[in-house]
Amino acid sequence: MLQRVAALAWRVVLAGGLVCGVGLLPWLTRTDPAYTVLKARSAEREPTPEVLADIRRQLGTDGGPLHMLTGWLGGLVRGDAGRSWISGADVLPDVTRALGASLLLMGVALFVAVLTAGAICARTLRLGARRRLGGRRGGGSLSAVLASLPEFLVASVLATVVGVQLGWLPALGWYGPQWTVLPALALGLPAGAVLGRLLDDLLPGAFGEPWALAAAARGLTGRSIARQALRRCVPALLPNLGLFVVGLTGGAVAVEQVFDIPGLGRTTLQAALAQDLPVLQAGTLALVLLAALATGATRVAARLLTGPALRDGALSSLHRPTPPGGGVLPLVYGALLLAVVGFGLARDPLALDTTERLRAPSLDHPFGTDALGRDLLARVGHGALDTLFLAAAISAAALLVGVLLGLVPRISAPLVDTVNAVPPVLVALLVTAVAGNGTATPALAVGAVAWAPLAAHTSSLLRQERATLHITASKGLGAGRGHLLRHELLPAVAPPVLRHALLRLPGIALALASLGFLGLGAQPPSPEWGLLLAENQPYAERAPWAVLAPAAVLALLGALAVSAAGGLRRRPTATSPRETEAAERRSAVETEQEPTGVGVR
């Protein structure tokens with residue numbers, strides 16, 4: 001009971017610190033919100049000292065940040081979130097409407113993500129149900145491509161092709177259910193690809209567990225075994241599913257911008273840019289509460305799906321030692337990526353030739369040219385130095401921080417929820433306020449949130465691994481916490497988390513690209529990939545190669561990351577007598593396991 005109270009207090013402190021930090025944004029940026037509000041209300045009015053002082057009195061900022069925060073919190077207790085500094089309207093109805101639009105979009109996008117994940121896992125489920133899985137490793141270059149597609153690029157292509165050219169679905173506005181289809185596809189396809197890859201990675205271990213073998217021997221249908229295999233694997237992914245729920249609500253800023261959706265992410269971004277603090281604080285608080293609800297729901301669902309086996313330590317490990325998967329695909333993808341970068345580096349990315357504007361791909365310009373006649377291959381190649389190296393460095397740091405914090409879930413779980421509740425764009429604005437607008441701002445902003453999914457994944461896998469029978473047997477034989485962590489838990493958990501980190505590598509590059517697309521990252525004439533997409537987006541209909549070139553390289557990076565991750569497996573190393581004894585003990589207890597706990601019903 002005391003631990004639950006402490007965890008709740010820690011969550012309240014983190015949420016309060018976040019809301020207060022957002023409320024201090026004008027003082028952190030050392031700008032006068034009165035001037036910003038004046039320009040938003042009346043751009044022609046002269047900002048005299050008297051006018052600015054009168055606006056400060058209206059806003060309540062003349063008493064300082066502490067007075068303003070105290071007044072806002074006091075009003076919140078009474079159900080009053082204040083009035084917008086720009087429009088003068090009540091904040092709560094506007095934020096509630098924006099939250100409703102985002103929740104509807106999130107629900108449809110989540111449905112698309114689940115269908116996409118199911119399609120990616122369909123072959124593994126079918127082979128596992130027929131006992132023909134063998135040594136198949138989770139793979140799929142298609143899932144890598146889907147996970148690597150920038151959401152704003154998918155949104156723009158769908159809006160241009162499906163909405164405008166073909167006229168099948170509306171491409172702008174938010175007036176009914178049919179307006180949700182295209183933005184939901186833009187959000188759900190990449191998210192579903194990531195979830196499908198993570199699930200496909202766990203399914204072979206579930207089909208190899210004793211309960212699955214016993215169920216097959218008793219004559220149960222393959223469909224029942226596949227259904228129970230899903231039930232066995234889903235609890236390990238539910239924390240990340242909760243993160244996706246919040247991310248699809250508050251992090252869909254670029255998609256909401258493309259389709260002109262009045263969602264919470266876009267509302268929060270506009271409030272942050274205009275320094276409309278009441279709207280910004282209310283939107284941030286709504287995201288924090290949504291994150292808390294999503295986390296609580298996923299934990300309850302995980303306990304219900306796992307049953308008493310988690311409490312009784314009666315699970316078997318999903319991460320048994322297996323030989324690493326080989327193949328030539330990583331070499332092929334890596335060679336193609338190096339070739340693109342190498343040929344691009346040999347060209348000048350800044351050379352202008354207005355007579356060659358928007359030229360189609362040719363021998364002279366294999367990727368075509370942009371609106372200023374610059375060679376796109378050169379710009380993609382030089383942009384890789386910034387995008388790829390920066391994304392790799394952020395991924396490595398996120399992996400280290402995520403694993404370390406995942407080992408202490410009581411501390412990291414509330415922190416993960418709070419961090420995930422903040423849209424990356426808002427993090428970028430906060431980082432810009434503290435550190436200034438420089439080349440390191442996007443890296444700091446993305447790195448501040450990139451570790452959260454890995455920490456949640458680590459904690460979830462450790463929770464299930466600690467409940468396995470061989471860990472219970474090792475404890476009974478006197479193994480200490482340090483020995484279990486070094487020789488049993490980390491060797492089992494590290495490979496899937498590392499594969500998850502590699503799967504997230506294109507996502508890190510996409511996050512950097514998204515900030516560039518929204519104007520918060522690199523600035524012209526930098527060839528950073530996000531900026532390339534943003535610069536060439538207006539010409540997507542006339543010159544699609546200008547957008548497809550950097551998008552194709554991003555997809556190639558995703559295929560490389562996923563195929564390389566397939567070779568990261570827990571190796572069967574039982575070299576010392578002690579390790580041999582541990583391996584034999586694990587095999588013995590799992591062989592004797594009855595099909596109970598998460599077994600077939």
Side-chain angles (χ1 to χ4, degrees), residues 7 10-11 13-15 17-18 21 147 190-191 194-195 197-198 201 236-248 250-251 287-288 291-292 294-295 298 387-431 434-435 440-463 485 489-490 493-515 521 561 565 568:
W10 176 228
R11 290 179 183 274
V13 168
L14 289 174
L18 174 62
V194 175
L195 287 175
R197 285 293 306 131
L198 295 178
D201 188 47
L237 301 182
L238 283 176
N240 275 280
L241 184 62
L243 298 184
F244 273 113
V245 167
V246 183
L248 292 175
L287 288 173
V288 171
T295 301
T298 54
T387 306
L388 294 183
F389 291 158
L390 191 57
I394 294 174
S395 297
L399 175 63
L400 178 61
V401 174
V403 171
L404 292 178
L405 289 178
L407 297 176
V408 284
R410 291 177 183 174
I411 296 177
S412 63
L415 190 59
V416 167
D417 298 339
T418 305
V419 168
N420 187 65
V422 187
V425 176
L426 182 55
V427 176
L429 292 174
L430 292 174
V431 171
V434 177
T441 298
L444 293 174
V446 174
V449 298
W451 59 269
L454 301 177
H457 197 194
T458 301
S459 298
S460 178
L461 294 179
L462 280 175
R463 188 181 304 114
L485 183 64
L489 296 176
L490 280 180
V493 170
V497 176
L498 182 55
R499 293 194 295 272
H500 186 183
L502 279 176
L503 186 63
R504 291 274 177 180
L505 175 61
I508 300 293
L510 290 182
L512 296 171
S514 297
L515 294 180
L568 299 173

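As a basis for the values below, the full set of heavy atoms in this structure was taken, side chains included, without hydrogen atoms, waters or symmetry mates.
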Engineer: Could you tell me the separation between the CD1 atom of Ile394 and the CG atom of Leu444, rounded to the nearest 0.5 Å?
Structural biologist: 8.0 Å
Engineer: Any chance you could measure Leu388, atom CG, to Ile508, atom CD1, to the nearest 0.5 Å?
Structural biologist: 13.0 Å
Engineer: Mind checking the NE2-CG spacing from His500 to Leu505? Nearest 0.5 Å is all I need.
Structural biologist: 12.0 Å
Engineer: If you look at every heavy atom in Leu195 and Leu237, which pair is closest and at what distance?
Structural biologist: O-CD1, 4.2 Å
Engineer: If you take all heavy atoms of Pro409 and Gly406, which pair is closest and at what distance?
Structural biologist: CD-O, 3.7 Å
Engineer: Within this structure, what is the CG-CG distance for the pair Leu490 and Leu462, rounded to the nearest 0.5 Å?
Structural biologist: 7.0 Å
Engineer: Going by the side chain to side chain contact (heavy atoms under 4.5 Å, CB included) test, name the single residue among Leu405, Leu399, Val401 that passes it with Val403.
Structural biologist: Leu399
Engineer: Give a yes or no on whether the backbone of Ala456 and the side-chain of Ser460 come within a donor-acceptor separation of less than 3.5 Å.
Structural biologist: no
Engineer: List the steps and the verdict of side-chain contact (heavy atoms from CB on, under 4.5 Å) for Trp451 and Leu415.
Structural biologist: CA-CA 11 Å; Trp451 59 269; Leu415 190 59; 3.7 Å; yes
Engineer: Nearest 0.5 Å, what's the OG1-CG distance between Thr458 and Leu489?
Structural biologist: 12.0 Å
